[in-house]
Amino acid sequence: MNIIHPWPDSPEAAVTLQQQLRNQIRIQPLDRPAETIAGCDISFNKFEETVYAGIVVLRLDTLETIAEATAITTTSFPYVPGLLSFREIPALLEAWAKLTILPDVVVFDGHGIAHPRRLGIASHAGLLLDRPTLGCGKSVLVGRYEEPALERGSWSPMMHRGEVIGAALRTKNKVNPVYVSPGHLIDLQTGIDLMLRCDGGYRIPETTRRAHNLVNDVRRANL
DNA sequence: GCGACAG
DNA sequence: ATCTTGTCGC
């Protein structure tokens, strides 16, 4: 079921829409094993309207980049904690339309259901793309967790209002964890496994790292 | 009421 | 997020 909806023009309308969309989210195992995974990100200059979006698709077995797509647009929606998707998704959808390969899973730089209304950017995008999506953030929006062990691979659940919403995952020994949460059509354990497989020796998974490098290159090239 | 608050 | 060099620690 592909969800389509008009884009809200105010933070108030956006919150109302999130309340409506949260019921459509499905947290479940993948339909089939993932072979490809995509990372996406956007870049911009502090007080400017131009937004540079990019998506990079990797093969999970070799972490080889097999496809890339970018888009340059403008955004008027402000950054408001909890409403990040309304600012970033439009640009990402334009890049998505240019992709020649359909990735099995899409990873977002932010959260999935680890969100006050369980509709972070990964969950919202999952509904619009009708694809498995995962959130992998560098800091917490909501939820509490016990510090996971210091070894790469260890993790502890992120809790919010009595629910497990994600995991604080150590992707590198003795380095701060990243925060993984399912977006849509995937479950937490699968998400954790996938993020650990996207290891390039850095704290940030290769999906996000490559997408970040890509959009920054495009932005600097356009200066 | 006060503090927190993805990118 | 972005602007930026050196610097502390393993």
Side-chain angles (χ1 to χ4, degrees), chain A residues 11-12 14-15 17-18 21-22 25 39-56 70-93 95 106-127 133-145 149-152 158-161 165-184 188 191 195 201-205 207-223:
Chain A
E12 297 69 36
V15 170
L17 178 58
Q18 290 182 322
L21 297 177
R22 64 181 300 176
I25 297 300
C40 49
D41 192 22
I42 70 164
S43 178
F44 54 85
N45 292 312
K46 200 170 184 178
F47 282 106
E48 290 178 19
E49 71 296 330
T50 306
V51 174
Y52 304 83
I55 302 176
V56 178
T70 60
I72 303 177
T73 57
T74 60
T75 183
S76 55
F77 208 97
Y79 167 67
V80 178
L83 302 180
L84 177 66
S85 67
F86 297 96
R87 175 179 172 72
E88 305 200 346
I89 285 183
L92 289 173
L93 287 181
V106 186
V107 184
F108 291 78
D109 193 5
H111 301 99
I113 61 171
H115 176 280
R117 290 170 293 283
R118 305 290 182 270
L119 201 81
I121 186 170
S123 296
H124 191 172
L127 289 176
T133 56
L134 195 59
C136 184
K138 301 179 292 297
S139 61
V140 174
L141 209 207
V142 293
R144 298 180 49 174
Y145 65 94
L150 300 176
E151 301 75 48
R152 162 181 156 76
M158 291 172 71
M159 305 295 297
H160 181 60
R161 296 185 178 182
I165 58 174
L169 173 67
R170 200 81 69 181
T171 52
K172 191 171 163 46
N173 293 336
K174 303 174 191 175
V175 167
N176 286 159
V178 292
Y179 306 91
V180 181
S181 62
H184 184 49
L188 179 58
M195 289 298 87
Y202 297 89
R203 174 197 180 213
I204 305 302
T207 40
T208 300
R209 283 190 72 252
R210 290 187 200 172
H212 193 268
N213 290 334
L214 174 63
V215 294
N216 277 325
D217 287 345
V218 172
R219 179 171 59 80
R220 289 163 185 153
N222 278 273
L223 288 182

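Here is how names work: the chains are called A, B, and so on, in the same order as the sequence lines, proteins then strands, and each is numbered from 1.
Residue contacts shown for A/G120 include a base, since a base heavy atom lies under 4.0 Å away. Residue contacts shown for A/L83 include a base, since a base heavy atom lies under 4.0 Å away.
One atom, OH of A/Y52, and another, P of C/dT2, lie 12 Å apart when rounded to the nearest Å.
Applying the 4.0 Å criterion to OP1 and OP2 of B/dG7, one finds that A/S139 has a side-chain N or O inside that range. Neither OP1 nor OP2 of B/dA6 sits under 4.0 Å from any side-chain N or O of A/Y179. OP1 or OP2 of C/dT2 has at least one side-chain nitrogen or oxygen of A/N216 nearer than 4.0 Å. For A/H212 and C/dT2, the shortest distance from a side-chain N or O to OP1 or OP2 is below 4.0 Å. Contact check, A/S43 against C/dT2: a side-chain N or O comes under 4.0 Å of OP1 or OP2.
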Legend entry - Where protein sits on nucleotides 3-10 of chain C, one letter per nucleotide: B base, S sugar-phosphate only, - none, heavy atoms under 4.0 Å: S------S
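When only modelled atom types and interatomic distance are considered, A/S43 and A/N216 share a side-chain donor-acceptor pair under 3.5 Å.
Comparing B/dG7, B/dC5, C/dT2 by their closest approach to the side chain of A/R87 singles out B/dG7.
Taking a centre distance below 5.5 Å and an interplanar angle below 30 degrees as the stacking criterion, A/F44 does not stack against the six-membered base ring of C/dA1.
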